[in-house]
Amino acid sequence: MTATPSQPLPRLIATDLDGTLLCPGGGVSPRTAAALTAAERAGVQVVFVTGRPPRWMAQVSAHIGGHGVAICSNGGAVVDVRRGELLRTYPLAAADALTVVQLLRAELPGSAFAFEFPGGFAREDGYQLRMWGSDEPHAVAPAELLLADGQVQGLFKLLVKHPELDPDAFLGKAREVAGRYVEITRSSPFALLEISALGVTKASTLADWCHAEGIDRSEVVAFGDMPNDLEMLAWAGTAYAVANAHPEVLAAVAQHTVSNEQDGVAAVLERLLGLEPLDRQA
């Protein structure tokens with residue numbers, strides 16, 4: 001059943017994935033899939049804007065919409081997911097990465113580093129893997145050697161883990177130490193930092209995409225849950241935090257929806273599109 005939308009439709013939906021659009025297990029629920037399809041059919045672009053690297057996008061490729069494009073690595077890459085093609089990158093210079101590695105290693109002992117780049121993934125031995133792709137072949141060596149050898153050229157993202165620090169304390173201290181050189185954020189429940197080139201955020205790359213598409217920020221509705229979403233949520237004309245979001249995000253964003261577990265993005269899309277929730281449709 002479809003009703004008339006109560007307000008003009010946005011031209012673009014920008015949504016984070018993990019913790020926002022996706023179920024706790026990482027999948028797309030039937031209700032959310034139906035809402036995404038309905039948005040596309042109504043002429044609303046849906047763009048996934050995620051901290052995930054391009055190599056982790058296959059799981060959501062069926063739901064990516066007609067354009068097939070996602071913004072990955074916190075704005076470091078624009079990817080045609082279906083074709084497996086990098087459309088644009090905003091790389092972190094090796095010299096800046098090396099500076100940050102040296103500063104964080106000196107000021108935050110125990111830090112271990114990893115790299116996401118067009119050729120794949122590389123890490124230090126002390127950087128323990130906890131996510132997908134741990135069985136993929138990759139280089140393992142000290143960060144300084146990987147950078148010096150040019151093995152990680154075109155960096156989408158520098159990753160830093162610490163075995164003991166509180167995640168928010170780790171972020172705050174890293175920004176004090178190296179924030180003038182790079183963008184530093186986080187999206188994981190443990191002490192894992194995500195570092196991009198200075199000025200490169202989800203918001204900056206989304207703004208570039210919208211400019212190319214002739215879409216004004218006032219025509220964008222964005223969804224997120226973690227500190228790496230804050231710039232995007234501030235930039236978009238309308239923003240929602242899911243109920244399970246980080247406290248800083250909940251405090252910064254005026255409009256909230258229910259949690260990802262309760263299909264919070266779908267709930268808003270259904271309202272915008274004038275749709276009945278999937279479980280209530282005849």
Side-chain angles (χ1 to χ4, degrees), residues 10-90 116 131-133 156-157 185 187-188 194 196 200-210 212-213 215 217 219-226 228-233 235-236 238-242 245 249 257 260 263-269 272:
R11 291 187 62 194
L12 187 142
I13 300 295
T15 179
D16 173 55
L17 291 177
D18 298 286
T20 300
L21 183 80
L22 303 184
C23 304
V28 178
S29 74
R31 180 183 178 187
T32 294
L36 295 176
T37 298
E40 289 276 349
R41 286 176 178 168
V44 181
Q45 278 196 35
V46 178
V47 177
F48 297 155
V49 189
T50 177
R52 288 187 179 202
R55 64 194 179 95
W56 284 359
M57 293 301 295
Q59 183 183 19
V60 295
S61 63
H63 308 282
I64 202 162
H67 52 78
V69 171
I71 295 171
C72 296
S73 297
N74 292 332
V78 181
V79 185
D80 185 319
V81 174
R82 294 201 185 96
R83 296 168 60 186
E85 179 183 350
L86 281 174
L87 302 179
R88 188 165 184 180
T89 65
Y90 299 81
E116 292 283 357
M131 301 292 281
W132 308 284
F156 302 143
K157 188 162 64 171
T185 190
S187 63
S188 297
E194 304 166 48
S196 305
V200 175
T201 65
K202 287 186 175 187
S204 67
T205 302
L206 177 61
D208 285 352
W209 171 264
C210 288
E213 295 288 305
I215 297 172
R217 62 191 291 183
E219 301 173 299
V220 175
V221 176
F223 298 86
D225 75 310
M226 288 297 280
N228 66 327
D229 296 312
L230 283 167
E231 293 87 355
M232 176 178 74
L233 296 171
W235 178 83
T238 304
Y240 289 87
V242 288
V249 177
T257 183
N260 65 321
D263 296 307
V265 174
V268 175
L269 294 184
L272 291 174

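- Pairing each heavy atom of Phe48 with each of Val60, the nearest pair is CE1-O, 3.9 Å.
- Contact between Leu12 and Cys210 at its shortest, heavy atoms only, is CD1-SG, 4.1 Å.
- The side-chain contact (heavy atoms from CB on, under 4.5 Å) with Trp209 is formed by just one residue from the set Val47, Val49, Val220; it is Val47.
- Between atom CG of residue Asp225 and atom OG1 of residue Thr257 there is a gap of 12.5 Å, rounded to the nearest 0.5 Å.
- Each of Thr205, Asp208, Thr201 was checked for a side chain to side chain donor-acceptor pair (under 3.5 Å) with Tyr90, and the lone residue meeting it is Asp208.
- Of the possible polar contacts, one joining the Glu194 side chain to the Ser187 backbone as a donor-acceptor pair under 3.5 Å is found.
- For the atom pair OG1 of Thr50 and CE of Met57, the computed distance is 6.0 Å after rounding to the nearest 0.5 Å.
- Of the inter-residue distances, the one linking Phe223 atom CZ with Thr20 atom OG1 reads 9.5 Å to the nearest 0.5 angstrom.
- Side chains of Asp263 and Ser29: a donor on one and an acceptor on the other come within 3.5 Å.
- When all heavy atoms of Pro10 and Val221 are compared, the closest pair comes out as CB-CG2, 3.7 Å.
- From Lys202, atom NZ reaches atom OG of Ser196 across 10.5 Å, with rounding to the nearest 0.5 Å.
- Of all the heavy atoms in Leu87 and Asp80, the pair that sits closest is CG-N, 3.9 Å.
- Scanning all heavy atoms of the two residues, the minimum distance from Ala14 to Leu206 falls at CB-CD2, 3.7 Å.
- Side-chain contact check for Trp56 and Glu116: no donor-acceptor pair (N or O, by modelled atom type) lies under 3.5 Å.
- Formation of a donor-acceptor pair under 3.5 Å by the Arg217 side chain with backbone atoms of Trp235 is found in this model.
- Looking at every heavy atom in both residues, Glu40 comes nearest to Val46 through OE2-N, 3.2 Å.
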Working note: Leu36 + Leu21, criterion side-chain contact (heavy atoms from CB on, under 4.5 Å); need CA distance, chi angles, decisive distance, verdict.
CA-CA 10 Å; Leu36 295 176; Leu21 183 80; 4.1 Å; yes
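- We find the CD-OG1 distance between Glu219 and Thr238 to be 10.5 Å, quoted to the nearest 0.5 Å.
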Evaluate the criterion side-chain contact (heavy atoms from CB on, under 4.5 Å) for residue pair Val200 and Asn74; output intermediate values, then yes/no.
CA-CA 8 Å; Val200 175; Asn74 292 332; over 6 Å; no
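- Considering only heavy atoms from C-beta on, Leu230 comes within 4.5 Å of Val249 through its side chain.
- With values rounded to the nearest 0.5 angstrom, Leu22 atom CG is found 5.5 Å from Arg52 atom CZ.
- In this structure, Lys157 contributes its side chain and Cys72 its backbone to no donor-acceptor pair below 3.5 Å.
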